[in-house]
Amino acid sequence: MSSGDRREAAPAAGEVKNGVVSGDLSQRQIQSEPASGVVAPSQNQRLRLNPSKDHKPESYDDMQLDFSPSIFSSLERYLPPPMLGVNREEKVKFMREILMKYLPQGERTRVQRHRDYRQKIITNYQPLHRELYNLHIGNFFVPPFVKAIQDNTEESFRSIISEPSPGVFTFEMLQPRFCELLLAEVENFEKWVNEAKFRIMRPNTMNKYGAVLDDFGLETMLDKLMETYIRPLSKVFFAEVGGSTLDSHHGFVVEYGKDRDVDLGFHVDDSEVTLNVCLGKQFTGGELFFRGTRCEKHVNTGSQTEEIFDYSHVPGRAVLHRGRHRHGARATTSGHRVNLLLWCRSSVFREMKRYQKDFSSWCGECFREKKERQRLSIAATKSVKNSVLPMHTRTI
Ligand SMILES: O=C(O)CCC(=O)C(=O)O
Ligand SMILES: [Fe+2]
């Protein structure tokens, strides 16, 4: 399977027979955008060849941007001198138009349409709980989680985290009150969508329900959550897949139950690291099933017995795993289940991956093949040694 456009749900949801996962699996991708206008990038905008070394760039972390805020901070030193003193909005406009010129036409159109789409929502939707839109540690997270992150050592992380299967980490994360508020905010957003007859984009190609949190104003909060909480954990547990360089995210909720999605087919995520937290409400079923981590080349290979693992969601509790860790969700058989998903990505890792073939540090099948090559080469060396006839030394 390529990372491209395989969107159909996998047959039999990754059923395992003799340790082999049946059926191809899908890569969940972000939904393509609804139609709207196109804006042509303007001409004549140039950056300087050499940066203004003494200039201290601003922070763009709190702005709604379609490129990572850190790119704007880095580019700012290259602005022509008259631009250095203008306000942030003007600088962003200037730098954004330059960045857009580097995108191919189709991508440029897509980015612009998505920006227009978000703008339309943000100017019309009235948030219900404004306190959700700024990361508030004390109100959002349970105290042991906050303490572990503040201590920032592998030991402190391990004290609150369990790893029930290799590469699947689970821990208590969200306060019940925060879960309630976020559920109410999502409900309020959906109510507005229905009343305004607004056509929204679903979180990705495999869900008919759910909503993209980034699209209605929660992007900045989720970016902080990734930078301050998920990146330190990923740096320790997922360093080999860009865990320390996560620099963008896709944040959304998925919803299951009556009149919602029922289950989720076997797939890999379009992320390096995925955070999946259950928000509630009451439900039965909906277990996550995992079947080992694979690179693109090996995504449809069988699973080893030790890679088979099922996890039952508990409200407030988080699961953290590699995006390439194959998984799916079983049917939610009663009630209503809503989960918060944060797909975290690293652009540096994605760039480096293009020049590599051996992913044995994280792909179970690359690892197995490597071990097999080593075994064969040791066996070959031994058989050469054994075939050499013992030699006698002639003496006088
Ligand atoms: O329903 C779940 O908990 C799984 C969701 C998931 O894997 C995803 O959205 O990528
Ligand atoms: Fe997923």
Side-chain angles (χ1 to χ4, degrees), residues 1 3 6-10 13-14 21 23-31 164-165 167-171 173-174 179 182-183 186 201-215 222 226 230 234 238 241 246 248-258 260-294 296 299 307 309-345:
M1 190 192 78
S3 65
R6 300 287 295 275
R7 285 150 198 233
E8 72 278 9
V21 187
D24 280 8
L25 104 182
S26 316
Q27 165 146 329
R28 302 189 74 192
Q29 303 225 317
I30 299 176
Q31 193 119 48
S165 174
V168 180
F169 297 88
T170 81
F171 50 94
M173 182 179 179
L174 300 177
C179 295
L182 189 54
L183 285 169
V186 170
M201 287 157 66
R202 294 302 172 182
N204 53 62
T205 48
M206 286 173 70
N207 290 91
K208 287 205 192 69
Y209 296 88
V212 179
L213 302 176
D214 298 319
D215 287 344
L222 291 173
M226 180 189 74
I230 304 309
S234 305
F238 301 121
V241 294
L246 300 175
S248 70
H249 78 262
H250 178 52
F252 57 96
V253 288
V254 284
E255 295 184 58
Y256 304 87
K258 195 164 169 284
R260 296 282 192 274
D261 287 313
V262 176
D263 58 9
L264 185 63
F266 192 41
H267 67 278
V268 289
D269 299 334
D270 183 5
S271 71
E272 272 60 76
V273 175
T274 293
L275 172 77
N276 179 350
V277 203
C278 185
L279 299 174
K281 303 179 174 177
Q282 301 226 323
F283 58 89
T284 51
E287 298 84 3
L288 279 178
F289 57 92
F290 288 93
R291 296 292 182 266
T293 308
R294 295 290 184 275
E296 236 150 80
V299 75
E307 292 179 315
F309 173 66
D310 278 30
Y311 169 82
S312 299
H313 281 299
V314 179
R317 195 166 178 90
V319 182
L320 196 67
H321 61 84
R322 292 184 189 87
R324 302 289 318 180
H325 202 142
R326 302 175 300 177
H327 61 285
R330 298 196 196 286
T332 294
T333 43
S334 72
H336 186 194
R337 175 166 78 84
V338 185
N339 277 51
L340 163 66
L341 272 297
L342 196 65
W343 285 358
C344 305
R345 305 188 177 120

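What's counted below: heavy atoms across the whole structure, side chains too, no hydrogens, waters or symmetry copies. Counting starts at 1 for both ligands and their atoms, following the listed order.
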Exercise for the section: Kindly say whether the aromatic ring centers of Phe169 and Phe238 come within a distance under 6.0 Å. Expected result: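 Distance test on ring centres: under 6.0 Å, yes.
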
* Would you confirm whether the ring centroid of Phe266 sits within less than 6.0 angstrom of the ring centroid of His327? => no

With side chains defined as the heavy atoms from C-beta onward, is the minimum distance between Thr332 and Thr284 less than 4.5 Å? no

For Thr170 and Arg317, test the side chains for any donor-to-acceptor distance below 3.5 angstrom and give the result as yes or no. yes

**Report entry** Asp214-His249 side chain donor-acceptor pair, cut-off 3.5 Å
**Finding:** yes

Any idea which protein heavy atom is nearest [atom], and the distance to it?
{"atom": "atom 1 (O) of ligand 1", "answer": "Tyr256 OH, 2.6 Å"}
{"atom": "atom 5 (C) of ligand 1", "answer": "Leu264 CD2, 3.5 Å"}
{"atom": "atom 6 (C) of ligand 1", "answer": "Arg28 NH1, 3.1 Å"}
{"atom": "atom 7 (O) of ligand 1", "answer": "His327 NE2, 3.0 Å"}

Between [Y] and [X], is the closest basic N to carboxylate O distance under 4.0 Å?
{"X": "Arg337", "Y": "Glu287", "result": "no"}
{"X": "Asp269", "Y": "Arg324", "result": "no"}
{"X": "Asp261", "Y": "Arg202", "result": "no"}

What atoms in ligand 1 come closer than 4.0 Å to a heavy atom of [X]?
{"X": "Leu288", "value": "2 (C), 3 (O), 4 (C)"}
{"X": "Trp343", "value": "10 (O)"}
{"X": "Asn276", "value": "2 (C), 3 (O), 4 (C), 5 (C)"}
{"X": "Ala329", "value": "1 (O), 2 (C)"}
{"X": "Arg337", "value": "1 (O), 2 (C), 3 (O)"}
{"X": "Asn339", "value": "3 (O)"}
{"X": "Asp269", "value": "10 (O)"}
{"X": "Phe252", "value": "9 (O)"}

Relative to the Fe ion (ligand 2), how many protein N, O or S atoms have a separation of less than 2.8 Å?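 With waters ignored, the protein N/O/S count below 2.8 Å is 3.
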
Going by the 4.0 angstrom heavy-atom rule, the piece of Asn204 near ligand 1 is neither

So for Thr274 against ligand 1, with non-hydrogen atoms under 4.0 Å, the contacting part is neither

So, 4.0 Å and heavy atoms of Met206: is ligand 1 close enough to count as a contact?
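Met206 does not count as a contact of ligand 1 under the 4.0 Å cut-off.
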
To the closest 0.5 Å, what do you measure between SG (Cys179) and CG (Leu340)?
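That separation rounds to 8.5 Å.
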
Rounded to the nearest 0.5 Å, the NZ atom of Lys258 sits from the OG atom of Ser334 at a distance of 12.5 Å

Do the side chain of Arg326 and the main chain of Val299 share a donor and acceptor less than 3.5 angstrom apart?
yes

By ring-ring contact (aromatic ring centres under 6.0 Å, His included), Tyr311 pairs with (sequence neighbours left out) His313

Nearest atoms (heavy-atom pairs only) where Pro203 meets Phe252:
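Looking at all heavy atoms of both residues, the shortest contact is CB-CD1, 3.2 Å.
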
